[in-house]
Asks: 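Got a structure for you, written out below as structure tokens; questions coming shortly.
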2 protein chains.
Amino acid sequence: MHSSEQIPHPVIRRLPKYLVHVQELREEGVEWASSQEIADALGLTSSTVRQDLSHMELRGISKKGYETSQLEAVLRQVLGADIMHHVVIIGAGHLGRALAEHGAFARRGFEICGLFDRDEDLIGKMYGNAEVMSIDDLATQVGKVKIDIGIIAVPSSAAQQVAEMLVDAGVKAILNLAYKHIQVPSHVTVVDARIMESLQELAYALGKKKEVSRG
Amino acid sequence: MHSSEQIPHPVIRRLPKYLVHVQELREEGVEWASSQEIADALGLTSSTVRQDLSHMELRGISKKGYETSQLEAVLRQVLGADIMHHVVIIGAGHLGRALAEHGAFARRGFEICGLFDRDEDLIGKMYGNAEVMSIDDLATQVGKVKIDIGIIAVPSSAAQQVAEMLVDAGVKAILNLAYKHIQVPSHVTVVDARIMESLQELAYALGKKKEVSRG
DNA sequence: ATGGTATTGATAATTTTTTGACAAAACCTT
DNA sequence: AAGGTTTTGTCAAAAAATTATCAATACCAT
């Protein structure tokens with residue numbers, strides 16, 4: 001049941017939420033957290049929480065729950081939050097710049113190793129600790145340092161092309177912020193994080209609310 | 001089966017993806033799209049696509065598929081992409097500013113009506129079409145224009161407090177970008193869009209890949 | 001020490017989501 | 001105009017995810 005078993009995708013998406021909450025509890029000096037406490041805090045059921053945590057290398061204790069420091073450590077380990085990941089950002093527009101300047105990544109194990117753009121006027125400018133480089137130099141830069149993750153922060157019309165450049169450069173994990181689905185070989189993992197889609201989901205919910213209140 | 005029926009959540013999350021793709025096809029002059037074509041483009045099965053589209057007010061035609069212009073119109077209507085939504089952004093840090101300056105929102109039906117921050121030094125500055133206002137003025141500003149959506153772009157430590165301010169101001173839909181779960185009354189819809197969580201998901205995938213390649 | 005009790009871990013049941021299968025529809029070619 | 005063929009819409013099956021249940025555990029108060 002433990003370790004090299006395949007953890008279901010919905011569980012993996014919840015693990016970061018557990019980590020944030022447990023970390024907070026631990027920092028507040030809380031030593032134990034029950035599945036019920038965690039469930040209430042995150043809007044889940046205690047059953048789901050126990051089910052999820054059963055995939056981890058960890059035992060809870062009856063009447064007390066899970067030890068926060070241990071749970072945090074296990075979650076960090078499973079999520080690879082203890083090792084530093086090397087990240088490049090493609091696209092030095094508003095969003096790419098905001099990410100480069102956002103300090104929280106380094107603290108959580110993601111080091112921005114490069115910021116690339118096509119626009120000659122941007123090349124050489126500094127954002128955060130990153131200097132904008134030409135997209136043409138992507139391959140050589142990626143060759144210098146082993147890059148784990150590429151973030152696509154370009155307009156949707158260029159997303160597929162950038163994805164292919166990243167794949168060609170050997171990047172195995174891509175975070176796609178562009179409002180477009182990208183096609184990659186099966187050995188590359190893509191996670192989408194699109195603010196526009198989330199807004200559209202909210203817009204749908206708003207429409208439904210109106211419908212219900214009318215009907 | 002149609003109209004006021006409840007559309008499953010996984011379907012709703014896919015609708016924006018359909019919309020982007022179909023819009024692109026239509027702009028390219030493609031008049032018909034089969035479920036198989038759409039599935040291939042988005043990494044789904046044709047069965048899923050047909051099942052999903054069966055929730056819409058639309059019929060495909062045997063041997064041709066779905067008419068792109070009609071499909072686009074129906075998706076836009078369901079997602080409320082045709083009506084303008086009023087949005088406020090709380091937090092004028094890197095991310096909040098990037099969103100305010102990002103031109104694509106207005107084009108897709110989301111008008112940024114306010115950008116708020118606690119920092120006195122930022123108040124009065126312009127980003128995009130939005131002037132930074134004091135968070136203390138949120139309630140009065142929201143009173144002037146009906147605000148549909150609030151975007152939380154503050155540090156996680158302030159997220160819950162901001163969520164409550166938005167709820168008190170009468171906002172019914174919240175996009176939470178902070179790396180923290182927020183608690184709101186049940187009549188308020190929250191959608192999370194956290195880049196950090198997506199990165200952690202990728203980090204997990206990278207770890208798994210290493211394990212497999214070793215084992 | 002002992003008993004009552006809260007909480008886990010595991011299993012089972014339920015619900016939800018995805019996929020498969022195929023008759024019906026309607027297009028296109030001849 | 002007729003037949004072959006592709007693709008839909010629907011229903012059924014399978015797979016996946018969530019929730020409920022409960023015996024076992026071990027804490028804590030007396």
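This is a predicted model, so every value here is computed, not measured. Proteins come first, then strands; the chains are lettered A, B, ... in the order of their sequence lines, and each starts at number 1.
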Asks: Looking at C/dC28, D/dC27, C/dT17, which one has an atom nearest to any side-chain atom of B/K63?
Replies: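 Ranking C/dC28, D/dC27, C/dT17 by closest atom to the B/K63 side chain puts C/dC28 first.
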Asks: Give the rounded distance in Å between these two atoms: CD1 of B/I7 and P of C/dT18.
Replies: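 Value for this atom pair: 14 Å.
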Asks: Please indicate whether B/R118 has more than 12 foreign heavy atoms, meaning atoms of other residues, nucleotides or ligands, lying under 6.0 Å from its CZ.
Replies: no
Asks: Without decimals, in angstroms, what is the distance between B/I12 CD1 and C/dT18 P?
Replies: 12 Å
Asks: Taking the side chain of B/I61 as heavy atoms from C-beta outward, which of C/dT19, D/dT18, C/dA26 is closest to it?
Replies: C/dA26
Asks: For the pair A/R26 and A/E31, evaluate salt bridge (charged side-chain N to carboxylate O under 4.0 Å, His left out) and give the outcome as yes or no after the intermediate values.
Replies: CA-CA 6 Å; A/R26 204 251 312 139; A/E31 288 182 40; over 6 Å; no
Asks: For the residue pair A/I182 and A/A163, what are the closest heavy atoms and their distance?
Replies: CD1-CB, 3.8 Å
Asks: Give the rounded distance in Å between these two atoms: NZ of B/K64 and C1' of C/dT29.
Replies: 15 Å
Asks: Separation of A/R59 atom CZ from D/dC27 atom C1', in whole Å?
Replies: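 A/R59 atom CZ is separated from D/dC27 atom C1' by 16 Å.
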Asks: Nearest whole Å is fine: how far is D/dT10 C1' from B/L53 CG?
Replies: 14 Å
Asks: Quick one: label A/L44 by what it contacts on the DNA or RNA (base, sugar-phosphate, nothing), any heavy atom closer than 4.0 Å.
Replies: nothing
Asks: Answer with yes or no whether B/Q51 presents, from its side chain, a donor or acceptor under 3.5 Å of a partner atom in the base of C/dT19.
Replies: yes
Asks: Is a donor-acceptor contact shorter than 3.5 angstrom present between the side chain of A/S54 and the base of C/dG9?
Replies: no
Asks: I'd like to know if A/E197 and B/K17 make a salt bridge, using a cut-off of under 4.0 Å between side-chain N and carboxylate O.
Replies: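 Looking at A/E197 and B/K17, the cut-off is met.
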Asks: Mapping A/S34 and B/V11 to their closest nucleotides on DNA chain C, which lands nearer the 5' end?
Replies: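 Per heavy-atom nearest nucleotide, the more 5' residue is A/S34.
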Asks: Rounded to the Å, how far apart are A/Q70 CD and C/dT8 C1'?
Replies: 14 Å
Asks: Name the nucleic acid region contacted by A/S47, choosing base, sugar-phosphate or nothing; use a 4.0 angstrom heavy-atom cut-off, strictly under.
Replies: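 A/S47: base contact, heavy atoms under 4.0 Å.
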Asks: Check whether any side-chain N or O of A/R50 sits under 4.0 Å from OP1 or OP2 of C/dG9, and answer yes or no.
Replies: no
Asks: Rounded to whole angstroms, how far apart are NE2 on B/H9 and C1' on C/dT17?
Replies: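 Between C1' of C/dT17 and NE2 of B/H9: 14 Å.
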Asks: Indicate, with a heavy-atom threshold strictly under 4.0 Å, whether B/S35 touches base, sugar-phosphate, or nothing.
Replies: sugar-phosphate
Asks: Could you state the interatomic distance from CZ (B/R107) to CE (A/M196), rounded to the nearest 0.5 Å?
Replies: 8.0 Å
Asks: Taking the nucleotide of DNA chain D with the nearest heavy atom to each, does A/S62 or A/R14 sit closer to the 5' end?
Replies: A/R14
Asks: Whole angstroms only, please: what is the CG-P distance between A/L42 and D/dT19?
Replies: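 Computing the A/L42:CG to D/dT19:P distance gives 13 Å.
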